[in-house]
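Written below as structure tokens is the structure these notes are about.
Protein chains get the first letters and strands the later ones, always in sequence-line order, with residue 1 at the start of each.
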Amino acid sequence: MFKKLLDRGDFIGIEGETFRTQVGEPSVKVTSLTVLSKAIRPLPAVKVDEDGNVHDAFTDPELRYRQRYVDLVVNPDVKKTFVARSTIIRKIREVFDAKGWMEVDTPVLQSIPGGAAARPFITHHNALDIPLYLRIANELYLKRLIVGGFDGVYEFSRNFRNEGMDRTHNPEFTVMELYVAYQDYHWMMETTENLFGELAQAVHGTTEIPLGEHTINFAPPYARVTMRDAILEHTGVDIDGLDEAGLRQACKAQGIETDDSMGRGKLIDELFGEKCEHHYIQPTFIMDYPTDMSPLTKVHRDKPGYTERFELMINGTEVANAYSELNDPLDQRARFEEQVKLADRGDDEAMFIDHDFLRALEYGMPPTSGIGIGIDRLVMMMTNQTSIQEVLFFPQMRPESFETSAGNADFSSLGVPEAWAEHLVAAGFTTPGDVLGAKPTQVHQRLNGFRKKNKLDVPALSLEEVTAWYSDAESPAS
RNA sequence: GACCUGGUAGCUCAGCUGGUUAGAGCAUCUCACUUUUAAUGAGAGGGUCCUGGGUUCGAGUCCCAGCCGGGUCACCA
């Protein structure tokens, strides 16, 4: 009897005594039942049998991402992924707060999009009448706070980059940046591997985590490989002692396309990106990047031409990027000027000069190590996902187009009785066109079914009545 | 941006070399049954075959263009 009035997706409230049925199923002897809310759209009917096989799964990626609410209701594993994401973020805060580092907020709207090399989203501030950029990174602001005397600051930063989208890139994404004074990148490597070990434990209770066909071992310590050794191992090219022309030659020999705007650093980066990166499945620190690829990084203490920088590679993807921060204002100014030269040469990713940031450094910044961790990618690694869309609730999609819905009055043009007009939208007919687009029998059945379920106090419709709407529609339309 | 691939019922999918009225399972509705662990039986309803052109006696199927996904690449240190 209730079954006739209730649908999948309805919310109900019940009162009654709990008991067990003869077969032992916990049950409630219901004495009163209230419909709390009514579903007027059917949920996909996903079923799981006793062997764990899923039948009629809701799997179309487009529908899943556009209607994540349905995905979450119907696919329990999806929910688990997002719970894991939350666990990871909470655990990072826990670990950092325990060390006395402070969570901070810095501007999302910036007049100079600094701290990384990427194409920004541009917007405009009316009152100041200036262009503003959505941040591509928050690095330079956190360093200003180190100048200001905080010894450890971190921020979960939503960054925006106006570039391509693919399995590992979404236009907005989250990076956790941490800066700690009086430390260097060796210390940061230890801090990172220890953190990741703890995160794996927090999510899975173990440090061995499946990822596609591999098992990733997050237990510290991680391998440390210099960029020179990585390239030497996978291409046989020794970048030490090769000048720009030599590197260009080496790239060509490896089948890598180059152009004249590429400087030495860019060429080395191409060699690594094309030939080496994908080999690093287990967590590996790639260390010591060439100076001209790393304009914000301190020069290496005993390797000229290199910087104290590392990236953490997992499953062939960059997950974190860290430095001994460049705190020499004169060197920093010179590096920015190099970037300007690259820009003049045609490199559209070269950094802008941030004069205020230079001024801050001139007041004195202690030696500091900083790291940026790609939270979305980290969550992918820890939840066995290969697409960033699976770890973002609402990944960016091209917008859907909806037909604009009509007011109730519009239905009267069809000759729909006034008492019925208000119910048509609720029954799923948003425009007169929706009604006319359906067959009279279909409309008749759906509306009367809707009336019965919701116990509407309006007269039932006859098929003749509904059919008449169609002929009425023809005369005013012509 | 380039190439590959897909879009058929609420969901998951068939649909051959172009051929009558486009099918199945689940979901929905009706009736029967009173049997819990996806799936009791019988019956019914439900389709802009993504959109628009074209070829053809005839298009879900072939061609062109477009829209929206997915994949690969480019781009993204």
Roughly, in whole Å, what's the span from [atom1] in [X] to [atom2] in [N]?
X        : N      : atom1 : atom2 : result
A:Glu270 : B:rC75 : CD    : P     : 6 Å
A:Arg167 : B:rU72 : CZ    : P     : 4 Å
A:Leu43  : B:rA27 : CG    : P     : 14 Å
A:Asp71  : B:rG69 : CG    : P     : 16 Å
A:Gln67  : B:rG69 : CD    : P     : 13 Å
A:Phe58  : B:rU12 : CZ    : P     : 7 Å
A:His169 : B:rG71 : NE2   : C1'   : 16 Å
A:Asp166 : B:rC3  : CG    : P     : 19 Å

Opposite nucleotide pairing with [N], Watson-Crick or G-U, both atom distances under 3.5 Å:
N      : result
B:rU37 : none
B:rU72 : B:rA2
B:rC62 : B:rG54
B:rU30 : B:rA42

For a quick test of reading the model: is some side-chain N or O of A:Arg8 closer than 4.0 Å to OP1 or OP2 of B:rU28?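 No, because none of the side-chain N or O atoms of A:Arg8 sits under 4.0 Å from OP1 or OP2 of B:rU28.
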From C-beta outward on [X], which listed nucleotide comes closest to its side chain: [options]?
X       : options                : answer
A:Arg66 : B:rG10, B:rU28, B:rC68 : B:rC68
A:Ala45 : B:rA74, B:rU28, B:rC26 : B:rC26
A:Glu62 : B:rC29, B:rC68, B:rC11 : B:rC68

Go nucleotide by nucleotide along RNA chain B from the 5' end; which of A:Met165 and A:Tyr289 gets its closest nucleotide reached first?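 Per heavy-atom nearest nucleotide, the more 5' residue is A:Met165.
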Determine the Euclidean distance between corresponding [atom1] atoms of [M] and [N]; express it in Å to zero decimal places.
N      : M      : atom1 : value
B:rG60 : B:rG7  : C1'   : 12 Å
B:rU5  : B:rC62 : P     : 12 Å
B:rG58 : B:rU20 : C1'   : 11 Å
B:rG23 : B:rA14 : C1'   : 7 Å
B:rC13 : B:rU8  : C1'   : 9 Å
B:rC4  : B:rG41 : C1'   : 48 Å
B:rG15 : B:rG70 : P     : 24 Å
B:rG45 : B:rG6  : C1'   : 30 Å

Any carboxylate oxygen within less than 4.0 angstrom of a Lys/Arg side-chain nitrogen, looking at [X] and [Y]?
X        : Y        : answer
A:Glu172 : A:Arg158 : yes
A:Arg135 : A:Glu155 : yes
A:Arg248 : A:Glu244 : yes

How long is the gap from NZ on A:Lys143 to CG on A:Leu326, to the nearest 0.5 Å?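 It is 6.5 Å, given to the nearest 0.5 Å.
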Which atom of A:Arg335 lies closest to which atom of A:Ser294, heavy atoms considered: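 It is NH1-O, 2.9 Å.
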Between A:Arg85 and A:Phe82, is NZ or CZ placed under 6.0 angstrom from the six-membered ring centre and within 45° of the ring axis?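 Because its charged atom misses either the 6.0 Å distance or the 45° angle limit, A:Arg85 does not stack over A:Phe82.
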Would you say the side chains of A:Thr317 and A:Asn315 form a donor-acceptor pair under 3.5 Å?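 No.
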Would A:Tyr306 and A:Asp240 count as having a side-chain donor-acceptor pair, cut-off 3.5 Å?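 Their side chains do contain a donor-acceptor pair, which is all the 3.5 Å distance test asks for.
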A:Arg41 atom CZ: more than 12 heavy-atom contacts under 6.0 Å: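 Not more than 12 within 6.0 Å, no.
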In residues 381-398 of chain A, which residues come under 4.0 Å of RNA chain B by heavy atom?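 Listed by number, they are A:Gln389, A:Met397, A:Arg398.
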Give me the residues of residues 309-323 of chain A where at least one heavy atom lies under 4.0 Å from an atom of RNA chain B, by number, or none.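 Nucleic-acid contacts, sorted: A:Arg309, A:Tyr323.
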Stepwise, does the side chain to side chain donor-acceptor pair (under 3.5 Å) test hold for A:Tyr65 with A:Gln396? CA-CA 9 Å; A:Tyr65 301 151; A:Gln396 192 56 244; over 6 Å; no
Hey, what's the ring geometry for A:Phe160 with A:Phe121, parallel, tilted or perpendicular (30° and 60° as the breaks)?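 It falls in the perpendicular class, over 60°.
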Mind checking A:Thr59 for me? I need base, sugar-phosphate or nothing, with any heavy atom below 4.0 Å counting as a touch.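 The answer is sugar-phosphate, as A:Thr59 gets under 4.0 Å only of primed atoms, P, OP1 or OP2.
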